[in-house]
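First comes the structure, then the notes that go with it.
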Amino acid sequence: MRHKYEISGIQMRYHMPKEVDQHAAEEIRTFLEQMIQTAQIRKLVFDFAETEFMDSSGIGVVIGRSRTLGYYGGKVSAANVGERVDKIFQASGLYRIIEIEEA
C-alpha cells in the first residue's frame with residue numbers, strides 16, 4: 001500500500017484509501033504509529049475524501065490513534081467526511097471522540 005500524507009511541523013494529514021478493510025487498517029495502523037513516534041506528530045487529520053468503504057477495523061484505527069495521541073497531549077480530527085463515512089461515524093459514535101474539520 002502506498003501511503004499518502006503531508007507533514008507540517010507536528011501536524012500530519014493522512015489521506016485514507018478508497019477501501020479501509022482489515023488488511024489496509026493493519027498497514028495504516030503500523031505506519032501511523034511509526035510516524036507518530038519518529039516525526040513526533042501531535043495532531044493527526046484523517047482525510048476521507050477518497051474513502052468509499054470502511055469497516056470496523058478502520059474505526060479501530062481512528063480510535064486507537066486518538067488514544068495514542070491523547071497520551072502525548074495531541075489530538076485527532078477528520079476531514080472530508082462523505083455520506084458513506086458519515087453514516088459509519090454516526091453509527092459508531094466517532095463524532096463524540098474526534099473533531100470534524102470543515103473542508
message: Whether the side chain of S66 engages the backbone of V62 through a donor-acceptor N/O pair (distance < 3.5 Å, no angle test) should be reported.
response: no
field: CZ on F46 to CE on M54, rounded to 0.5 Å
entry: 9.0 Å
Close side-chain approach of I28 and P17, heavy atoms under 4.5 Å: yes
task: With rounding to the nearest 0.5 Å, note down the distance linking CE in M1 to OG1 in T30.
output: 10.5 Å
query: Does NE2 belonging to H3 count more than 12 external heavy atoms closer than 6.0 Å?
result: yes
message: So which atom in D55 and which in Q22 form the shortest heavy-atom distance, rounded to 0.1 Å?
response: OD2-N, 3.6 Å
Distance (rounded to the nearest 0.5 Å) between F31 CZ and R2 CZ: 11.0 Å
query: Is the number of heavy atoms from other residues, nucleotides or ligands within 6.0 Å of CD (E83) greater than 12?
result: no
- prompt: Does the side chain of T68 come under 3.5 Å of the side chain of E33 through a donor N or O and an acceptor N or O?
  reply: yes
query: Do we see a donor-acceptor contact under 3.5 Å between the side chains of Y5 and H15?
result: no
- request: Taking the side chain as every heavy atom from C-beta outward, state whether R84 and F53 have any atom pair closer than 4.5 Å.
  value: no
query: Which value, rounded to the nearest 0.5 Å, describes the distance between I98 atom CD1 and L69 atom CG?
result: 11.5 Å
message: Taking side-chain hydrogen bond (donor to acceptor under 3.5 Å, both in side chains) as the criterion, tell me which of R13, E101, E99 meets it with S77.
response: E101
message: Using every non-hydrogen atom in the two residues, find where M35 and I7 come nearest and quote the distance to one decimal.
response: CE-CD1, 3.3 Å
- prompt: Measuring from Q11:CD to K75:NZ, what's the distance to the nearest 0.5 Å?
  reply: 9.0 Å
statement: Rounded to the nearest 0.5 Å, the CD1 atom of I59 sits from the CG atom of L94 at a distance of 5.5 Å
statement: For A25 and V61, the nearest pair of non-hydrogen atoms, with its separation, is O-CG2, 3.5 Å
field: Linked, directly or transitively: V45 and I97 (ILVMFWY side chains, under 4.5 Å)
entry: no
message: More than 12 heavy atoms of other residues, nucleotides or ligands under 6.0 Å from CD of E27: yes or no?
response: yes
- prompt: Are I10 and L44 in one and the same hydrophobic cluster, where Ile, Leu, Val, Met, Phe, Trp and Tyr link if side-chain heavy atoms are under 4.5 Å apart?
  reply: no
Heavy-atom check, side chain of D47 versus side chain of M16, under 4.5 Å: no
query: Between F48 and Y14, is the gap from one ring center to the other below 6.0 Å?
result: no
